[in-house]
Amino acid sequence: MPSYELDKAYSPSKYEADLYKRWEDSGAFKPDPKATKDPFTIIMPPPNANGDLHLGHAMFVVEDIMIRYRRMQGHPTLWLPGADHAGIETQVMYERQLAKDGRSRFDLGREEFYKQTWDFSQKNMHNMMDQVRQLGFSVDWSRFVFTLDDKVVATVYETFKQLHDADYIYRGNRIVNWCPSCRSAFADIEVKYREQIDPLYYIKYGPFVLATVRPETKFGDTAIAVNPKDERYKDLIGKTIDAEDLNGPIKLQVIGDAHIDPEFGTGAMKVTPAHDPNDWEIGLRHNLEVRAVIGTDGLLNERTGKYAGMPVAEAREQVAHDLEERGLMDHIDMNYTHSVGYHDRCGTQIEPLVVEQWWMKVDELKKPAIKAIKEGQIKFVPERFTKVALDWLENLHDWNISRQNWWGIRIPVYYNNTSDESKPEYIIGTEEEAIKTYGQGGYEAETDNFDTWFSSGQWPFATLMATGDFEKGFYPTSVMETGRDILFLWVTRMIMFGLFKTKKVPFRTVYLHGLVTDEHGKKMSKSKNNGINPLEMTAKYGTDAVRLALTIGITPGNDGALGERKIEGYRNFCNKLWNVARFILGQFPENYSPARPVPQSPADAWILARTNDTVREVTKAIEDYRFSEAGQAVYSLLWDDFADWYIEASKVEQNTNILYHVLSTIVTVLHPFAPFVTEAIWNALPGKEGQLITTVWPQAVKAPAELKTQAAKFEDVKAVVQATRAVAAEEQLSKPVILTTNQQLADSADLVARLARAGAVKQVGEGSGLYLGTTVAAWIEANAQLVANRRHRLESQRDEKQTYLKGLEAKLANENYTKNAPAAVVQETRDRREETKTLLAKITEQLTNLG
RNA sequence: GGGCAAUUAGCUCAGCUGGUUAGAGCGCUUCGUUUACACCGAAGAUGUCGGGGGUUCGAAUCCCUCAUUGCCCACCA
């Protein structure tokens, strides 16, 4: 015997874990092999296996919405989860942990450090997987992929070799962004610039005075550059000058280079090709000697004499001090503002150094990517990011793909360590191949790792190749949904790699979400202590509440504010839905077996029409990636229409099949957004088989005219009820009596009375009392005093309508309007005019009767 | 220096290709022991849609311009 009963309030913790397990165990998360539509695939951006999930990950809820929606639509649907070893980021995090015990990675050594970081990330990975479950994400766990899985690494290696064979990979000694703390080079995009004030030293160099913020690099100066058009220095170009320096006299050649701004400083610049990117370029142009004076350890080297071994900052002070002492300092500007690069992961100041690295040529690789985007093979949501991505790609320079960190995927290169020069300088391949080529002990393995983004840039195909789904129609994937902040770092690179490796775009649509900020739109940060932990919130308010809070009111590409109060609001909404279900379940007779909903009353027709419209609206909105609007539409149907009106109406005239139908429909279309509460309710409904997660998405139909006519009658009832309530509230009337001349309204007397909390609804030949001003003529029985009291209200009502009518008439009198505006719009204006005229006549009549 | 976005109710934000008298949630005021829900219900107040100009029959929506805020990119001896 069904016990159609639910707890008084929805308690998420009671259901979530069980429901999730049931979904997972039933295989619902796997693509349905029987589904016949096109496959729908999303590869989840793999969270970094080095900590807890945060709100950025919780934003993947939009992926779950798409996935659940497509699954219900009957597509073979795959949401593939994974985790990222996140090279340098994880390394830095684990090093911080080590630092708490006063240790560094150098104490452990490379091998031990790797092993411990592996354990650290494995632990985090499992923790993270639990958290993904907690968010209700319907990912196919059987296809979980880690970036360090053998199959992924194999694909990454294969791609590297293919790129190398195509001549897109080279090894080069060039200036790079060096992080002295990580002891690794980084790509330009991993350097974040911060504005700061530093002293600008004007130092004397023979006949020159020149400005620099880095006097400590002067030992690496190999020229002085001036603008060739600068009259002051023109004659010196090409000459070599003698200058007194801290370590004795030196000679420097003077070169002319258009890069020099005559307005800056003294118009002359010291050129240090080894330690400044611009100077490096100048050096290339003028074939200057590259003299390194700072090592990869961030310390000055033996070329600097007594400064050798000093860290850069210390050396700078010392050199400046000594220059002053020796009379070689002209003056110092203490208020010079400029921006300085810092490593975005560890925050250490970047030291430009010349170090040998592996590079990827991008000039050819980016072309197909640009083409694909321009041709619309990849669409961006929101659209404005199309141009942003294109601009970035078009200006992209060769990419340094090697990292000297210890945590990552080793570049599969072995160098010739034998004296046999007929053998290749290096090979790309396995150790066995190295042995074959160079003999046992005749080779040296590369120790550099790949940039994390080199491997994750291959994620869409690397994952599907690892799971064996690549050939099964899941590639190209459907949507790449990720944070706006990694558009360049990740998305553009996936496009390049995807097109190179598979000749196909990796995804058809890129959906970018913005940043989740605190409730006042401020960035969340530890120092401000305004952060929200999504996992704490799911525990406190339920996962559905958090999901809705991250969906509704948040638009693609834009930042979205989230406060605890917002989550609380959606917790309330879930509870509202729960109670609606609880009420309806209580209405079912024993052994109720649902039948086709047939409208018997205007209210029935009205709610059926509203439900049908909402299904259409939600479906369209999801298809258009307007998830906020989709969620809002269901929210409003449930609360504003179903709960506030229809359920109340059903307490007078009940149509159980319609209650059942509307509840089922709401729960179904809300499921992608709030999967738990909807599934819990579904399970309690009689006559439902299987799980909601795999139930078929409803289809909106073209509503028959008769349904619309009937529905309009309920709108009339609503209007009278609302007007009555307003008057009753303002005049403190209890149980007012409603009079009407309208047959239909009189027919619905019980309904109107209940909804309006009226004493009675009476049909009369002629109205009297307080006129309600609704299209269906109705009055509230009232004495002369009360009517007189409300006279001003009628008058202002009349004035308002008159103004409005005037506007409409002016509009319709305008030929330009009636000619140019679409016929439907004009017709609507005409209808409105007639309506307003009728109302106005009634109000005027009422006022006349008042005398 | 280049670019993008935002500016709408006290707060946080919707408003898709221009077309009802501009919306939601929260907050606020008043009232409320109704056959589910106080995590509730009813009623209500609050807007020169940042300023100025323009296009149009019609502009929150399109164009120009200014202002403020945020973000991205580049450069910075």
Side-chain angles (χ1 to χ4, degrees), chain A residues 6 8-10 189 193 195 200-202 210-214 225 259-261 264-272 276 278-279 336-340 382 384-385 387-388 391-392 395 484-485 487-488 514-515 517-521 523 541 545 552-555 557-563 565-566 568-587 620-621 624 626 628-629 632 635-636 643-644 647-648 650-651 722 725-730 732 754 757 800-801 803-804 807-808 811 814-822 824-826 828-829 831-832 836:
Chain A
L6 295 175
K8 188 163 176 187
Y10 173 57
I189 196 170
Y193 288 87
E195 207 160 76
L200 182 62
Y201 304 94
Y202 285 75
L210 30 84
T212 181
V213 281
R214 304 205 56 187
H259 169 77
I260 309 303
D261 175 6
F264 191 95
T266 59
M269 188 180 94
K270 72 190 205 62
V271 185
T272 325
D276 183 280
N278 279 307
D279 293 14
Y336 176 60
T337 307
H338 64 150
S339 42
V340 177
R384 64 173 189 269
F385 288 105
K387 199 173 166 295
V388 181
D391 285 351
W392 190 83
N395 293 306
R484 186 187 58 194
D485 51 326
L487 172 61
F488 303 144
L515 200 70
T517 63
D518 76 1
E519 61 183 324
H520 295 294
K523 201 168 170 174
Y541 296 105
I552 297 180
I554 290 184
T555 42
N558 297 324
D559 292 349
L562 180 72
R565 274 197 304 210
K566 186 175 180 190
E568 200 181 313
Y570 290 107
R571 186 269 319 261
N572 296 352
F573 170 72
C574 292
N575 189 56
K576 184 76 183 181
L577 174 62
W578 183 259
N579 273 287
V580 163
R582 194 160 80 97
F583 171 78
I584 292 172
L585 286 169
Q587 305 306 305
K620 179 81 168 54
D624 293 346
R626 291 178 287 116
S628 171
E629 287 172 64
Q632 251 172 78
Y635 183 105
S636 173
D644 289 352
I647 288 188
E648 289 310 312
S650 82
K651 289 172 185 173
Q722 275 174 319
R725 283 171 180 172
V727 172
E730 278 161 30
Q732 309 263 5
R754 180 180 168 95
R757 254 150 252 155
E800 190 206 330
K801 294 291 173 199
T803 314
Y804 183 47
L808 291 175
K811 217 173 185 182
N814 183 345
E815 251 183 59
N816 282 322
Y817 171 69
T818 47
K819 251 194 297 186
N820 296 323
V825 173
V826 178
E828 216 173 307
T829 310
D831 293 350
R832 193 134 307 114
T836 312

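Just so we're on the same page: letters track the sequence lines, and every chain starts at 1.
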Which whole-number value in Å describes the distance from [X] [atom1] to [N] [atom2]?
{"X": "A/Leu577", "N": "B/rC39", "atom1": "CG", "atom2": "C1'", "result": "13 Å"}
{"X": "A/Ile554", "N": "B/rA14", "atom1": "CD1", "atom2": "P", "result": "9 Å"}
{"X": "A/Trp392", "N": "B/rC71", "atom1": "CH2", "atom2": "C1'", "result": "18 Å"}
{"X": "A/Asn575", "N": "B/rC40", "atom1": "CG", "atom2": "P", "result": "7 Å"}
{"X": "A/Arg571", "N": "B/rC26", "atom1": "CZ", "atom2": "C1'", "result": "14 Å"}
{"X": "A/Arg384", "N": "B/rC4", "atom1": "CZ", "atom2": "P", "result": "11 Å"}
{"X": "A/Phe488", "N": "B/rA74", "atom1": "CZ", "atom2": "C1'", "result": "12 Å"}
{"X": "A/Leu487", "N": "B/rC71", "atom1": "CG", "atom2": "C1'", "result": "13 Å"}

Using the [atom1] atom as the reference point in each nucleotide, state the distance between [N] and [M] in Å, no decimals.
{"N": "B/rU35", "M": "B/rA22", "atom1": "P", "answer": "38 Å"}
{"N": "B/rU29", "M": "B/rA5", "atom1": "P", "answer": "40 Å"}
{"N": "B/rU34", "M": "B/rG19", "atom1": "P", "answer": "44 Å"}
{"N": "B/rU8", "M": "B/rG50", "atom1": "P", "answer": "6 Å"}
{"N": "B/rA60", "M": "B/rG23", "atom1": "P", "answer": "13 Å"}
{"N": "B/rG53", "M": "B/rA59", "atom1": "P", "answer": "14 Å"}
{"N": "B/rU55", "M": "B/rC11", "atom1": "P", "answer": "34 Å"}
{"N": "B/rC28", "M": "B/rG10", "atom1": "P", "answer": "15 Å"}

Open item on the list: Both conditions, 6.0 Å and 45 degrees, for the charged tip of A/Lys651 above the ring of A/Phe583: are they met here?
Closed with: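 Geometry flag: set, cation within 6.0 Å and 45°.
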Can you see if the side chain of [X] gets near the phosphate of [N] - specifically, an N or O under 4.0 Å from OP1 or OP2?
{"X": "A/Lys8", "N": "B/rC37", "result": "yes"}
{"X": "A/Tyr804", "N": "B/rU21", "result": "yes"}
{"X": "A/Asn395", "N": "B/rC73", "result": "no"}
{"X": "A/Arg582", "N": "B/rC37", "result": "yes"}
{"X": "A/Lys811", "N": "B/rG19", "result": "no"}
{"X": "A/Thr555", "N": "B/rA14", "result": "yes"}

- [ ] State whether the side chain of A/Asn575 and the backbone N or O of A/Tyr10 hold a donor-acceptor pair below 3.5 Å, judged by distance alone.
- [x]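 Yes; at least one donor-acceptor contact below 3.5 Å.
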Open item on the list: With a 3.5 Å distance limit and no angle check, can you tell me whether A/Arg565 reaches the backbone of A/Glu519 through a side-chain donor-acceptor pair?
Closed with: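 No; zero donor-acceptor contacts below 3.5 Å.
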Task: A/Phe573 and A/Tyr635 aromatic ring geometry - parallel, tilted or perpendicular at 30°/60° bounds - done: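 Rings of A/Tyr635 and A/Phe573: parallel, under 30°.
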Open item on the list: So if I take every side-chain heavy atom of A/Ala726 and compare against B/rC37, B/rA43, B/rC57, which nucleotide ends up nearest?
Closed with: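 The answer is B/rA43, which lies nearest to the side chain.
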- [ ] Report the nucleotide, chosen from B/rA43, B/rC16, B/rA36, that has the shortest atom-to-atom distance to any side-chain atom of A/Phe583.
- [x]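 That would be B/rA36.
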- [ ] Rounded to the nearest 0.5 Å, what's the gap from CG on A/Asn579 to CD1 on A/Ile584? Could you check?
- [x]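 Between A/Asn579 CG and A/Ile584 CD1, I get 11.0 Å after rounding to 0.5 Å.
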- [ ] Return yes if the base of B/rA38 and the side-chain atoms of A/Lys576 contain a donor-acceptor N/O pair under 3.5 Å, otherwise no.
- [x]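 Between B/rA38 and A/Lys576, which were checked side chain against base, a qualifying N/O pair under 3.5 Å is absent.
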- [ ] Decide yes or no, distance alone: a donor-acceptor N/O pair under 3.5 angstrom between the base of B/rA42 and the side-chain of A/Glu730.
- [x]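 Answer no: no donor N or O sits under 3.5 Å from an acceptor.
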TODO: Please give the nucleotide sitting opposite B/rC11 as a Watson-Crick or G-U wobble pair, both distances under 3.5 Å, or none.
DONE: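 Its partner is B/rG25.
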Open item on the list: What I want to find out is whether A/Asp279 reaches A/Lys270 closely enough, with some N-O distance under 4.0 Å, to be called a salt bridge.
Closed with: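 Salt bridge flag = no for A/Lys270 with A/Asp279.
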TODO: Tell me which of A/Gln722 and A/Phe385 sits closer to the 5' end of RNA chain B, going by the nucleotide each one is nearest to.
DONE: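 Per heavy-atom nearest nucleotide, the more 5' residue is A/Phe385.
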